[in-house]
Amino acid sequence: MEVKAVEKSLLTGQWEDSIPQNPAVNVAQAVVRGRFAEALTSSYAQQLFKFRPADTLKNSFNISASLTQDKQENELLRLVFAVACLNAFMQVNWTGPDLDFRPFDILSHKEPRNYSDESLNQLSIAELASGGEPAYHLTQHALFLRLAQILLDEPYQHCQTTIWWRLRAHLAHQRVLDEPVVLSDDVMMNFKRWQNPFASNNPDMAGRLLLEHGLLYHTFQQDKIAAEYFVKAARATDLQYDLTGALGKRTKFQQNELSQLVLLAESHLPDEGPQRIDITSTNGSSQAIIPETLALNDDTLLEQTEFTSSKSSSDTSSSSLHYLDPSNQPPLHPLDQCILLSLCLNVRNTSPLHGLTSEQMSPYVSRVVSHPRNWTIHTMALLIRSRLEANRTRTIERSALQLQALVDQIPATDAEAAPASERLRYLHSISLPPKWELERELANRFISLGVIKSAMDIYERLEMWEEVVKCHVSLERPDRGIAIVKDLLAGNKIESEAVISREKASGAIKRLQRFDSAREAKLWCILGDLDPEHAVEHYKHAWEISKSTSGRAMRSLGGFYFARTEYELARECLQQAVKIEPLLSKSWFILGCTCMRLEDWQGAKDAFARCVTIDEEDGESWSNIASMYLRIEQSHKDDDSVDPTIVSHSNKQLAFRALKEGLKRSYDNWRMWSNYMIIAVDVGELAEACRALGRVVEETSNKPDDVILDEDVLDRLVNAVTHVSSDPQEARNSSSSPATNPNEGRGLQPRVLDLFDRIILPRVSSARVFRAYARLLTWMGRWEDTMKAWMDAYRESDAGKLTRGEINTVDAGRTTWRDAIDEVEEIVDILKNLGAQLEASGSTKKWRLQAKSIVRSFMGRTREDFEDDPEWHRLEELLEELKQE
């Protein structure tokens with residue numbers, strides 16, 4: 001029996017006529033050609049799918065039942081039925097058209113009458129929930145995916161491609177979940193180590209496997225690894241491509257030819273299909289077998305770039321594709337088109353977010369759109385083009401209309417529509433979203449256009465209640481959102497799809513909605529987001545309902561605690577959240593910030609390291625890693641056994657420069673400025689630290705919370721100025737370099753003074769800030785301004801607040817009062833010292849009267865409550881001493 005040939009046909013979706021026929025092979029042939037009903041209702045399937053209700057679906061079927069006497073044939077049939085279930089599931093949820101049979105039709109021994117398609121579907125959806133993430137609750141025929149998983153989990157001895165199909169099943173499963181859930185290391189290593197039996201003599205099969213590996217990593221947002229697999233796939237198929245430039249025009253009225261980006265690409269795979277499907281005609285029968293490609297119809301832009309040169313700008317370079325005409329390139333193999341679209345996804349995910357990104361992606365998409373070869377591939381290409389055009393004024397209309405056309409085409413079942421086998425052939429080789437995600441994207445597009453009501457209609461039909469709630473909030477009606485969630489939890493709101501199906505079947509007999517635990521937990525989390533007063537209660541309830549599997553509950557609770565500065569509780573919750581959902585970089589980032597607040601530098605460094613592992617373009621996390629690394633080393637300096645120079649100065653400088661580059665792209669990010677400030681202090685770039693401190697104060701001064709000011713850094717800056725002699729001549733004599741150092745003394749003084757006068761003092765009133773300002777003014781010899789600054793510092797101290805009545809003397813306590821006496825004595829001593837300087841300079845400022853007034857005012861305000869205190873005599877002696885001067 002040609003098992004290997006049958007397996008290859010199942011993988012490629014194309015049947016080899018040379019395979020000898022027998023009953024088992026006939027079932028496989030039906031699956032390859034998209035006749036799933038024929039295969040799944042065959043006599044073999046009836047033996048396999050004997051349904052006996054049990055606690056789980058896996059225990060409800062005897063999957064290990066022997067179908068034939070031949071063990072090899074028996075395994076092949078199990079694999080064939082797994083493929084049939086998986087492809088049937090993806091047809092109904094991804095590509096359409098709808099199936100002509102129901103899951104219940106394939107089951108035999110249907111003894112219990114209380115089971116139906118709906119109940120089996122809900123049971124399957126509940127079992128598909130993974131890692132606390134629920135599966136989409138309106139997924140159709142979820143039993144097929146669950147059966148495919150059960151069949152593929154069985155041990156196989158003769159079928160070599162089972163692992164490949166497990167990879168495809170995992171990809172489908174991840175796309176059904178609300179958020180991807182990382183697979184275990186063992187599963188990922190099995191995929192990586194498996195040797196493709198077709199790779200040696202079949203570049204098509206070698207490229208497919210590498211491409212699907214990359215798509216799995218892309219699903220997990222590990223784009224660097226995904227990009228490596230995409231490039232390997234291109235090498236395996238010998239796809240040649242080069243992003244270059246060629247002279248051309250993009251507008252109808254353009255007079256001068258300019259260099260335009262173009263992707264030169266050429267396939268080397270043997271191609272047995274049609275070279276091109278004609279989309280230029282308007283009445284041809286071939287028009288309907290691919291998605292409708294809408295024209296731009298713009299009064300300025302051309303439909304596509306018009307290249308006026310038959311040679312690219314790379315024709316004189318080392319490019320091997322210089323002979324291709326940019327305006328008349330040969331059609332690409334469909335698999336190579338899939339690779340180009342995957343490379344296009346890689347460009348989107350690994351390049352900086354600026355205008356060049358879409359410019360890089362457009363040539364990739366145009367190269368695929370210009371030669372439609374397959375329904376699914378062309379759909380994906382049009383979808384990516386729609387995303388690219390969403391932010392351009394002249395193309396935004398086509399973007400929305402094209403997306404609407406893609407949504408409308410899926411259920412098409414007319415004779416001229418693309419057959420199911422054609423739609424499924426390359427579905428596993430691209431990242432086409434399921435149809436509900438496609439509709440969600442359309443609704444999001446409507447939101448971006450301000451068409452809230454149309455978007456909400458789509459969300460309500462899809463029962464994406466979280467999005468419905470967001471729409472109500474944007475319409476300033478959060479109460480409606482709360483009412484919807486409460487109705488759902490109370491069972492008073494019936495799902496639309498379930499209602500429609502029951503109306504058709506049983507005359508609209510209403511029944512309360514039942515949820516699986518994962519989805520109910522999600523609804524409680526949504527309610528917690530909407531009801532902050534009871535948020536903790538709702539999040540904890542979600543955690544209990546999910547049986548400690550809801551990552552969102554812990555993520556939300558951790559964020560709630562973090563926002564309220566309860567960092568210990570936040571860290572505990574976030575650590576549980578990242579264990580459940582380790583692919584969400586946001587959770588890792590907040591955990592890192594929480595550890596920063598708790599001064600757990602190592603924990604923060606590890607958390608930010610996970611962020612950049614998930615997304616290398618996360619510049620803010622990179623800056624935090626640098627900051628944490630330096631802080632860890634700073635903390636080691638307290639230990640005499642640790643070498644304080646373990647981090648080289650050159651590495652610190654590199655971290656400093658990298659963060660400086662990051663701030664050019666995130667100029668308004670005060671957290672990044674804060675990290676930059678810390679690193680600048682550590683490497684001795686105090687002038688930059690001064691600038692960074694000012695930016696942090698400016699950016700946080702308009703926030704509802706208090707202004708964020710690192711007073712330790714401020715003191716460090718003042719110390720850097722004042723530790724150098726204030727006498728210019730003396731400073732020159734003691735310095736080995738005649739140039740002024742911008743990071744200390746007079747080189748730094750103008751920056752620090754400007755920081756105080758222009759940024760900090762208009763926004764911050766703090767005793768410590770005024771004391772630092774006073775020390776700077778003392779170094780500068782501005783005695784009157786120094787006295788004013790010290791008086792401002794006194795007014796912001798506890799003693800000054802007690803004197804003004806801002807602190808109640810009863811609530812203050814004797815400890816606070818005694819500390820305030822120290823502050824009074826300090827300001828009197830300062831006034832004495834400054835008074836001598838003022839008198840020497842000829843000032844007439846009456847510092848003695850001011851000092852007496854301070855002591856008398858403090859004694860008068862606190863006499864009633866503290867006159868009997870043993871420390872009271874210190875105030876009396878201080879006042880008497882002032883009287884005698």
Side-chain angles (χ1 to χ4, degrees), residues 1-21 25 28-29 31-34 72 75-76 79-80 82-83 86-87 152 156-171 190-217 226 228-241 265-275 320 330-343 368 371 373-374 376-377 421-431:
M1 185 177 181
E2 295 289 339
V3 174
K4 188 174 181 180
V6 173
E7 290 186 76
K8 179 182 175 183
S9 295
L10 289 171
L11 287 167
T12 61
Q14 292 178 299
W15 186 256
E16 295 184 10
D17 295 331
S18 60
I19 300 175
Q21 297 293 309
V25 171
Q29 184 180 14
V31 172
V32 171
R33 293 179 174 171
Q72 188 180 41
E75 270 193 18
L76 179 62
L79 177 61
V80 167
V83 174
L86 178 61
N87 284 349
L152 292 171
Y156 287 81
Q157 301 296 328
H158 303 285
C159 295
Q160 302 179 60
T161 60
T162 309
I163 290 183
W164 194 336
W165 282 105
R166 288 172 185 163
L167 169 63
R168 292 182 169 184
H170 278 299
L171 268 171
N190 285 336
F191 292 152
K192 188 174 182 179
R193 292 172 179 171
W194 183 67
Q195 298 295 322
N196 186 351
F198 306 102
S200 58
N201 57 359
N202 194 319
D204 180 290
M205 298 295 287
R208 280 178 188 260
L209 181 61
L210 292 168
L211 179 57
E212 291 173 30
H213 264 115
L215 292 176
L216 181 64
Y217 283 106
E228 293 173 356
Y229 274 101
F230 296 150
V231 172
K232 289 178 182 178
R235 291 174 181 169
T237 64
D238 197 21
L239 169 64
Q240 303 293 321
Y241 62 95
E266 186 176 38
S267 293
H268 292 89
L269 288 174
D271 198 347
E272 300 176 358
Q275 288 294 298
S320 60
L332 295 174
H333 189 279
L335 182 60
D336 287 335
Q337 290 185 333
C338 293
I339 294 173
L340 283 185
L341 292 178
S342 299
L343 288 169
V368 177
H371 296 88
R373 304 292 305 280
N374 175 269
T376 308
I377 298 173
S421 59
E422 172 73 11
R423 300 186 182 200
L424 291 170
R425 184 167 300 163
Y426 292 98
L427 179 60
H428 299 289
S429 300
I430 59 174
S431 58

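Note that the structure is a prediction, hence the values are computed from the model and not measured.
The backbone N or O of His158 lies less than 3.5 Å from no partner atom in the side chain of Gln72, so there is not a single donor-acceptor pair. Side chain of His213 to backbone of Phe191: a donor-acceptor contact under 3.5 angstrom is found. Checked by atom type and distance alone, the side chain of His268 pairs as donor or acceptor with a backbone atom of Asp238 at under 3.5 Å. Formation of a donor-acceptor pair under 3.5 Å by the Thr237 side chain with backbone atoms of Asp204 is not found in this model. Under the 3.5 Å distance criterion, the side-chain polar atoms of Glu212 are left unmatched by any main-chain donor or acceptor of Trp164. The backbone N or O of Ile163 sits nowhere less than 3.5 Å from a side-chain atom of Asn190 that would complete a donor-acceptor pair.
With contacts defined as side-chain heavy-atom distances shorter than 4.5 Å, the pair Arg208/His428 does not qualify. Looking at Tyr241 and Ile339, their side chains never come closer than 4.5 Å, going by heavy atoms from C-beta outward. Using a 4.5 Å heavy-atom cutoff, the side chains of Met205 and Leu11 are in contact. Looking at heavy atoms from C-beta onward, Trp15 lies in side-chain contact with Val25 at the 4.5 angstrom threshold.
Considering OG of Ser267 and CG of Leu332, their distance stands at 4.0 Å, rounded to 0.5 Å. The line from CD of Glu16 to NZ of Lys8 is 5.0 Å long, rounded to the nearest 0.5 Å. The OG1 atom of Thr161 sits 11.5 Å away from atom CG of Leu167, with the distance rounded to the nearest 0.5 Å.
Sparse packing is recorded around CD of Gln195, with 12 or fewer heavy atoms of other residues, nucleotides or ligands lying under 6.0 Å away.
Ring planes of His333 and Tyr426: perpendicular class, angle over 60° (limits at 30 and 60°). Note: Tyr217 and Tyr229 have parallel aromatic rings, judged against thresholds of 30 and 60 degrees for the angle between ring planes.
By the 4.0 Å N-to-carboxylate-O rule, Glu7 lies too far from Lys4 to be salt-bridged with it.
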